[in-house]
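See below for the structure under consideration.
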Number of protein chains: 2
Amino acid sequence: MKEKSYGIGQLSKLTDCKIPTIRWYEERGLLPVASRNAGNQRRYNQQHLTLLRFIRHARQLGFDLPAIEQLQKLCSCCLDDHLQADQIAKQHLADVQQKIAQLQAMETELNRMIDNCSYEDEHQCQVLEVLANHKLCSSGHVV
Amino acid sequence: MKEKSYGIGQLSKLTDCKIPTIRWYEERGLLPVASRNAGNQRRYNQQHLTLLRFIRHARQLGFDLPAIEQLQKLCSCCLDDHLQADQIAKQHLADVQQKIAQLQAMETELNRMIDNCSYEDEHQCQVLEVLANHKLCSSGHVV
DNA sequence: CCTTGAAGCTCTAGTTACTAGAGACTTTAT
DNA sequence: ATAAAGTCTCTAGTAACTAGAGCTTCAAGG
């Protein structure tokens, strides 16, 4: 069976990613160089689709491009040094867990706002205070 | 009792935010204009500290500046239209819940990598596939 | 008091990660 | 066959910072 292939416009729609952004990821090296058809237009396959979705979701979660590159390498097991891979994974895990904690705190507060704040005026909502709380934060600030 | 006050360098250290970035948030209107001392230097208080931490954490979680502004307004109850506030809060809540789901999936996979992948070679790690999975994604892509 | 080094000021320019547009070529649908 | 839609490259613009030059202000030691 023949693999499904996509034009850049289709890929753009499937991933909710603008066309120039796709081309830019290719240029930047985050997305493998696409093959071209007779008329020099890019053709993408399932792997590109998966990878691009991964990149977009990771970006939405606040990872920058170098971090995404590192996660990619981690996944494709390009890192032969397992100890190093382990360390990188652990570092990203810590980052992810911190993000989860902060988002959950924010979720709680948003829920409280929706339940209380819009029907009565007494509760001062604290999304801001909760997300400002450094106890949820692994970085070194003290006060 | 007199309120604690900070210079821009102290604030920068306490929030892990670069000095020009702090000034830029002020210019941009995200941070209230700081009062100045006799020599024209900015002085910050506890409120600035809380707010700046909130901004930085929200940025790390992938919110853009307009979204942060909106959350701020929501918190300070500047929106007198409660129905509108409710809708904005709900929209952010959905966004937050989606981010949490994606991060938790990523957490699971990173943990699996750390447990298995670094000690034996059999398990192909799937951080990438998991984060590419559109079932966790509320946006409209279909394939 | 004076100095000297750190901290702050403004303004300009550079970086990252896109995003939009111009002008030409290719594909597709009638 | 041709018109419309899609894609190409290249250049320029935007958002959110980040760094540096050149100058002023603060604060601690002599």
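Values below: every heavy atom of this structure, side chains too, minus hydrogens, waters and symmetry copies.
- A cation-pi arrangement is present between B/Lys99 and B/Phe63 under the rule of less than 6.0 angstrom and at most 45 degrees off the ring axis.
- Between the CG atom of B/Asn40 and the C1' atom of C/dA7 there is a distance of 14 Å, rounded to whole Å.
- Residue A/Tyr25 places no side-chain N or O under 4.0 Å from the OP1 or OP2 atom of C/dA17.
- Listed nucleotides D/dG6, C/dC18, D/dT9 differ in distance to A/Trp24; the shortest reach to its side chain belongs to C/dC18.
- For D/dT9, one of the phosphate oxygens OP1 or OP2 lies less than 4.0 angstrom from a side-chain nitrogen or oxygen of A/Arg42.
- How far NE2 of B/His57 is from CG of B/Asp16: 8.5 Å, rounded to the nearest 0.5 Å.
- Look at CD on B/Glu26: it is 13 Å from P on C/dC11, rounded to the nearest Å.
- As rounded to whole Å, 12 Å separates atom P of D/dT18 from atom CD1 of B/Ile19.
- Between B/Arg56 and D/dC17 there is a side-chain polar atom (N or O) within less than 4.0 angstrom of OP1 or OP2.
- Among D/dA16, D/dC8, C/dT10, the nucleotide with an atom closest to any side-chain atom of B/Leu65 is D/dA16.
- Mapping A/Lys18 and A/Asn37 onto DNA chain C via the closest heavy atom, the residue that lands nearer the 5' end is A/Lys18.
- A/Arg43 comes within contact range of no nucleotide atom at all, as no heavy-atom separation falls under 4.0 Å.
- With B/His48 contributing its side chain and B/Asn45 its backbone, the two residues share a donor-acceptor pair below 3.5 Å.
- Of the candidates D/dT9, D/dT7, D/dA16, the closest approach to any side-chain atom of A/Ile8 belongs to D/dT7.
- B/Arg59 has no side-chain polar atom (N or O) that falls below the 4.0 Å cut-off from OP1 or OP2 of D/dA16.
- Rounding to whole angstrom units, CG of residue A/Asp64 and P of C/dT15 are separated by 17 Å.
- In this entry the distance linking CZ of A/Arg36 with C1' of C/dC25 reads 13 Å, nearest Å.
- Mapping A/Arg23 and B/Arg28 onto DNA chain D via the closest heavy atom, the residue that lands nearer the 5' end is A/Arg23.
- Proximity of B/Thr21 to the phosphate of D/dT18: a side-chain N or O atom is located under 4.0 Å from OP1 or OP2.
- Taking atom OH on B/Tyr44 and atom P on C/dA7, their separation rounds to 16 Å, with Å as the unit.
- In this structure, A/Lys4 forms no cation-pi arrangement with A/Tyr44, as its terminal cationic atom is not both closer than 6.0 Å to the ring centre and no more than 45° off the ring axis.
- In this structure, B/Ile22 atom CD1 and D/dT18 atom P are separated by 11 Å, rounded to whole Å.
- For A/Ser5 (side chain) and A/Arg43 (main-chain N/O), no donor-acceptor pair under 3.5 Å exists by modelled atom type.
- The nearest whole Å value for the distance from the CD atom in B/Gln41 to the P atom in C/dG8 is 7 Å.
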